[in-house]
Amino acid sequence: MRSTTLLALLALVLLYLVSGALVFQALEQPHEQQAQRELGEVREKFLRAHPCVSDPDLGLFIKEVADALGGGANPDTNSTSNSNHSAWDLGSAFFFSGTIITTIGYGNAALRTDAGRIFCIFYALVGIPLFGILLAGVGDRLGSSLRRGIGHIEAIFLKWHVPPELVRVLSAVLFLLVGCLLFVLTPTFVFCYVEGWSKLEAIYFVVVTLTTVGFGDYVAGASPNQNSAAYQPLVWFWILLGLAYFASVLTTIGNWLRVVSRRTRAEMGGLTAQAASWTGTVTARVTQRAGPAAPPPPEKERPPLPPLPCPAQPAGRPLSPAPPEKAEPPSPPTASALDYPSENLAFIDESSDTQSERGCALPRAPRGRRRPPNPPRKPARPRGPGRARDKGVSD
């Protein structure tokens, strides 16, 4: 991801957070202030009704009650009465362990001992990756089963000669509807019946749970009136299937976005090629209508370079005829010096050698051919008395 895109995404997330903070502040702060005023009024009323209780003692009592409630104590029971419901019975402890590895963490029940907190650290480090692997496998199987069932419905639509594009849209909508019916609407009505919640409270709990937010203000099975030991483990299995379904939905959306991105790139490439072809066609038509372009002005002829001085020819050696000059190949186009410095330098060296060979009156022998050796010289006749005697005899 590019730096500009990352910064833009970060700015968007921060803006989203600030807007959410402003909305929640406007909605919840008046309710908090009203609750605080009501608590103050109840406290003053209690102190007036019981003048023997001092204000600090009442404050200490309220703090101890809050700590006891946070530890899982039930305010409806006392030390003398027997209650079958406990925050740490086997079913509740199983549900608490499930909220650790699913990273929901409702917070209604918290660990109070150091040994429990140390064990929770290692338990979470091992359990969270293990649950992630299980969630991926269950989501794959669940998504495959749902898609297989929807595939039969697609085949029926295709037999009715429904367009394939419409069938794809209908199958996606049907996949979402079936998942929402199984994992959102059905649990909502179950919680309304079992927990005694309103429909808004039940669907709020379902969404907060399946998104792993887990505030803890509403928790299934936390009511003291719920005595079934198998209720909370069943709720955890619903959480497993619901998270797996939402994971498969997110995977499907990611695959769909990837396919759309590839198609968009292909279409943009085709549009670019069509635009280039159209531009070339328009340019050719404009050139034909305007007629042939005027020829460029002839370049001025440069005077020939003077020949370079050649070394002196030794006496008695005839000048060999210069071989006919070959037509030189056109010089390659030079590139920018910043891009290809070595090629430019090589071209400069080659051109300077060619110019030096042109200016010399005694051309070099072509490469690959040897110059023919000079003919052997005859030995000179000796001069002396013998030569004079021969001359006199001849005379």
Side-chain angles (χ1 to χ4, degrees), residues 1 5 9 94-95 98-99 101-104 127-194 197 199-200 202-214 220 230-271 273-274:
M1 186 179 292
T5 306
L9 185 59
F94 180 87
F95 186 75
T99 59
I101 64 175
T102 56
T103 68
I104 295 177
I128 291 174
L130 185 63
F131 180 77
I133 298 173
L134 175 65
L135 186 65
V138 174
D140 189 13
R141 286 297 183 91
L142 184 63
S144 300
S145 301
L146 290 177
R147 283 190 292 268
R148 193 180 301 112
I150 294 174
H152 296 294
I153 301 176
E154 290 181 355
I156 295 175
F157 284 146
L158 292 176
K159 288 182 181 179
W160 293 347
H161 303 287
V162 180
E165 292 81 7
L166 183 59
V167 171
R168 292 176 183 174
V169 174
L170 292 176
S171 63
V173 173
L174 189 61
F175 180 77
L176 294 176
L177 289 179
V178 170
C180 291
L181 178 63
L182 292 177
F183 303 109
V184 177
L185 294 180
T186 302
T188 298
F189 289 105
V190 171
F191 291 137
C192 287
Y193 176 76
V194 175
W197 295 337
K199 292 182 177 59
L200 177 60
I203 198 170
Y204 167 77
F205 168 75
V206 168
V207 173
V208 167
T209 299
L210 295 182
T211 54
T212 67
V213 176
Y231 177 66
Q232 285 190 322
L234 291 177
V235 172
W236 185 84
F237 280 104
W238 160 73
I239 293 174
L240 172 62
L241 296 177
L243 291 178
Y245 167 73
F246 277 102
S248 64
V249 169
L250 293 178
T251 303
T252 304
I253 293 175
N255 295 334
W256 177 72
L257 291 177
R258 193 177 297 110
V259 171
V260 169
S261 177
R262 291 178 181 176
R263 290 182 179 178
T264 304
R265 292 179 182 177
E267 291 177 358
M268 291 300 296
L271 291 176
Q274 291 178 3

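Here the structure is a predicted model, which is why all the values come from computation and not from measurement. Keep in mind that the numbers below use all heavy atoms, side chains included, and drop hydrogens, waters and symmetry copies.
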*asked:* Taking the side chain as everything from C-beta on, heavy atoms only, tell me whether Trp236 gets closer than 4.5 Å to Ile101.
replied: yes

*Please tell me if the side chains of Val235 and Tyr231 come closer than 4.5 Å, counting only heavy atoms from C-beta onward.*
yes

Could you tell me which residues satisfy side chain to side chain contact (heavy atoms under 4.5 Å, CB included) with [X], sequence neighbours excluded, listed by chain and number?
{"X": "Ile153", "value": "Phe157, Leu174"}
{"X": "Leu182", "value": "Val178"}
{"X": "Leu135", "value": "Phe131, Leu240, Leu243, Ala244"}
{"X": "Pro233", "value": "Phe94"}

_Distance check, rounded to the nearest 0.5 Å: Leu241 atom CG versus Leu210 atom CG?_
10.5 Å

*Please test Thr102 against Thr212 for side chain to side chain contact (heavy atoms under 4.5 Å, CB included), starting from the C-alpha separation and ending with a verdict.*
CA-CA 7 Å; Thr102 56; Thr212 67; 5.7 Å; no

*Would you list the pairs meeting side-chain hydrogen bond (donor to acceptor under 3.5 Å, both in side chains) in which at least one residue belongs to residues 177-189, sequence neighbours left out?*
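Pairs touching residues 177-189 that pass the test: none.
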
*asked:* Suppose the criterion is side-chain hydrogen bond (donor to acceptor under 3.5 Å, both in side chains): which pairs have a residue in residues 150-173, not counting sequence neighbours?
replied: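 Checked against side-chain hydrogen bond (donor to acceptor under 3.5 Å, both in side chains) - neighbours excluded - the pairs reaching residues 150-173 are Glu154-Ser171.
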
*Apply ring pair (Phe, Tyr, Trp, His ring centres under 6.0 Å) to Trp197 and list each qualifying residue two or more places apart in sequence or on a separate chain.*
Phe205, Tyr218

Which atom of [X] lies closest to which atom of [Y], heavy atoms considered:
{"X": "Gln232", "Y": "Phe95", "answer": "O-CD1, 3.4 Å"}
{"X": "Val207", "Y": "Thr211", "answer": "O-OG1, 2.6 Å"}
{"X": "Val206", "Y": "Pro187", "answer": "CG2-CB, 4.3 Å"}

*asked:* For Ser248, give me all partners under side chain to side chain donor-acceptor pair (under 3.5 Å), at least two apart in sequence or on another chain.
replied: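 Per chain and number, Ser248 pairs via side chain to side chain donor-acceptor pair (under 3.5 Å) with no residue.
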
Cut-off 3.5 Å, no hydrogens considered: what does the side-chain donor-acceptor table look like for residues 141-151, sequence neighbours left out?
from: Ser144; atom 1: OG; to: Asp140; atom 2: O; distance (Å): 2.8
from: Ser145; atom 1: OG; to: Arg141; atom 2: O; distance (Å): 2.9

_Steps toward side chain to side chain contact (heavy atoms under 4.5 Å, CB included) verdict (Trp238, Val190)_ = CA-CA 12 Å; Trp238 160 73; Val190 171; over 6 Å; no

*asked:* Under the ring-ring contact (aromatic ring centres under 6.0 Å, His included) definition, can you give me all pairs with a residue in residues 167-186, not counting sequence neighbours?
replied: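 Applying ring-ring contact (aromatic ring centres under 6.0 Å, His included) to every pair that reaches into residues 167-186, excluding sequence neighbours, yields Phe175-Tyr245, Phe183-Tyr245.
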
